There are 2 protein chains.
Amino acid sequence: MRLSKNGAAKPDREEGADRARDVLGGTEIRIAYKIGYVLNFYREPSFRKIEMEFGITRPEIVTLIFLNFREGVTASDICEFSGHLKANISRGIIALEKKKLLRRDVDAKDNRRQLLYLTPAGRALYAKYIPALRERERAMLSCLSASERKLFEGLLDKLAEHVPQWSALDEL
Amino acid sequence: MRLSKNGAAKPDREEGADRARDVLGGTEIRIAYKIGYVLNFYREPSFRKIEMEFGITRPEIVTLIFLNFREGVTASDICEFSGHLKANISRGIIALEKKKLLRRDVDAKDNRRQLLYLTPAGRALYAKYIPALRERERAMLSCLSASERKLFEGLLDKLAEHVPQWSALDEL
DNA sequence: TTTAGATAGTCTCATATGTGACTTTCTCAT
DNA sequence: ATGAGAAAGTCACATATGAGACTATCTAAA
């Protein structure tokens, strides 16, 4: 029942993959459980490593990821697509500003809102940790052929676009 | 840019689904990000509700789910397939035992290990919260046809079986 | 046998997180 | 215009979590 460090099964044990198939198929929420299983192994170790290495929290990590491809957004926007609670994103933004990794301007059109922008230092920090995430994603998907990957992403897109139909934003 | 509570877009804003497609496609780790997006909306609200309603923690929730289909396993086994750290699963098991929701026996073959079994009360508690998780999974997947769902699960299985190849257990 | 190292599980401490209340600002119907 | 209610963001408090040390037990090789 044990896996050794490199993921290979010990001689007298079930092989890891067999065991995974067996176990993961057993719950009453098979698909959700399997998504969680794969994602946990992708995300948790990666994010913990970044947290430790760079002294930032998860909301800070995702805020930098988000701002890297779209600036001038608000804390609420980041909540909406990161799944983090607004209190945590708020704290993260305050911390990032304190470290001069982002800048925020009050929206002239709506004084409640603050528009967020990365500083060069913020962009540089992002550039330090994103390659490991990219590489790990590549490894995760390497068991799928190019066409399977396309297929998988297409189905994921469908699921993602459908999210607003069944999950209210204020649930997060 | 805002979604209203029922997920419908306000008249003068982009529609939720368009916006999601647009935003989610922008990161450097598209597929991982999309998996996280969908899963967050599935898992976080559901689990938080269970936590509050029944006064149990996440490790306790997953321990009950796991034991419901396989008993006589150990804390390590649960770590292996839940993605939770052993300290947290350990605390969860201690709490569940205190509440008489599970029972543990020292393994006669290996005195370090404790074999876990649900009590009827534990099974009853599980039965109270699993229907909502099932229903929410159904809603999440309702945008896929039966054959798309099969396809999606097949690809997920492939990814799950491949996990040991790229992620070491001790990373969790 | 003995012993070095691995493994199962628990504990302590520091930190991150969830909840809900709060302020300020905006929106919209009257 | 004005007042009720929604939305953006912050805060304080309690709790859950992550890191890493620790004990006890097992394994395997000399």
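Within every chain, numbering begins at 1; the chains are lettered A, B, ... in the order of the sequence lines, protein sequences first and strands thereafter. All heavy atoms count here, side chains included; hydrogens, waters and symmetry mates do not. What you see is a predicted model, and the numbers here were worked out from it, not measured in a lab.
For Arg113(A) and dA6(D), the CZ to C1' distance is 14 Å, given to the nearest whole Å. We find that CD1 of Ile89(B) is positioned 11 Å from P of dT10(C), with the value rounded to whole Å. At whole-Å resolution of the value, CG in Asp77(B) and P in dA8(C) are 8 Å apart. Look at CD1 on Ile78(B): it is 11 Å from P on dT10(C), rounded to the nearest Å. Note: CZ (Phe47(A)) to C1' (dA16(C)) measures 15 Å, nearest angstrom.
Taking only side-chain nitrogens and oxygens, Thr74(B) never comes nearer than 4.0 Å to OP1 or OP2 of dA8(C). An OP1 or OP2 oxygen of dG9(C) is reached within less than 4.0 angstrom by a side-chain nitrogen or oxygen of Ser76(B). For Asn111(B), no side-chain nitrogen or oxygen approaches OP1 or OP2 of dA24(D) to under 4.0 Å.
Remark: the Arg112(B) side chain and the dA24(D) base include no donor-acceptor N/O pair separated by less than 3.5 Å.
A salt bridge links Lys158(B) to Glu148(A): at least one charged side-chain nitrogen sits closer than 4.0 Å to a carboxylate oxygen. Between Asp110(A) and Arg112(A) a salt bridge is recorded (basic side-chain N to carboxylate O distance below 4.0 Å).
Grouped with Tyr117(B) in one hydrophobic cluster are Leu115(B), the linkage being side-chain heavy-atom contacts under 4.5 Å among Ile, Leu, Val, Met, Phe, Trp and Tyr residues.
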For the pair Glu80(B) and Tyr37(A), evaluate side-chain hydrogen bond (donor to acceptor under 3.5 Å, both in side chains) and give the outcome as yes or no after the intermediate values. CA-CA 9 Å; Glu80(B) 188 173 336; Tyr37(A) 174 72; over 6 Å; no
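Taking 4.5 Å as the limit, some side-chain heavy atom of Arg70(B) sits within range of a side-chain heavy atom of Val73(B). You'll find the side chain of Glu97(B) reaches within 4.5 Å of the side chain of Arg104(B), heavy atoms only. Side-chain atoms of Tyr129(B) and Phe47(B), non-hydrogen and from C-beta on, never get closer than 4.5 Å to each other. By the 4.5 Å heavy-atom criterion applied to side chains, Ile61(B) and Phe54(B) are not counted as neighbours.
Between Ser46(B) and the choices Glu51(B), Glu135(B), Glu137(B), Arg136(B), the side chain to side chain donor-acceptor pair (under 3.5 Å) rule is met once, by Arg136(B).
Residue-to-nucleotide proximity on DNA chain D shows that, of Gln114(A) and Asp110(B), the 5′-proximal contact is made by Gln114(A).
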Letter per nucleotide, 5' to 3', of nucleotides 12-19 of chain D [B base touched, S only sugar-phosphate touched, - untouched; heavy atoms, 4.0 Å]: B---SBBB
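Within residues 93-109 of chain A, no residue has any heavy atom under 4.0 Å from DNA chain C.
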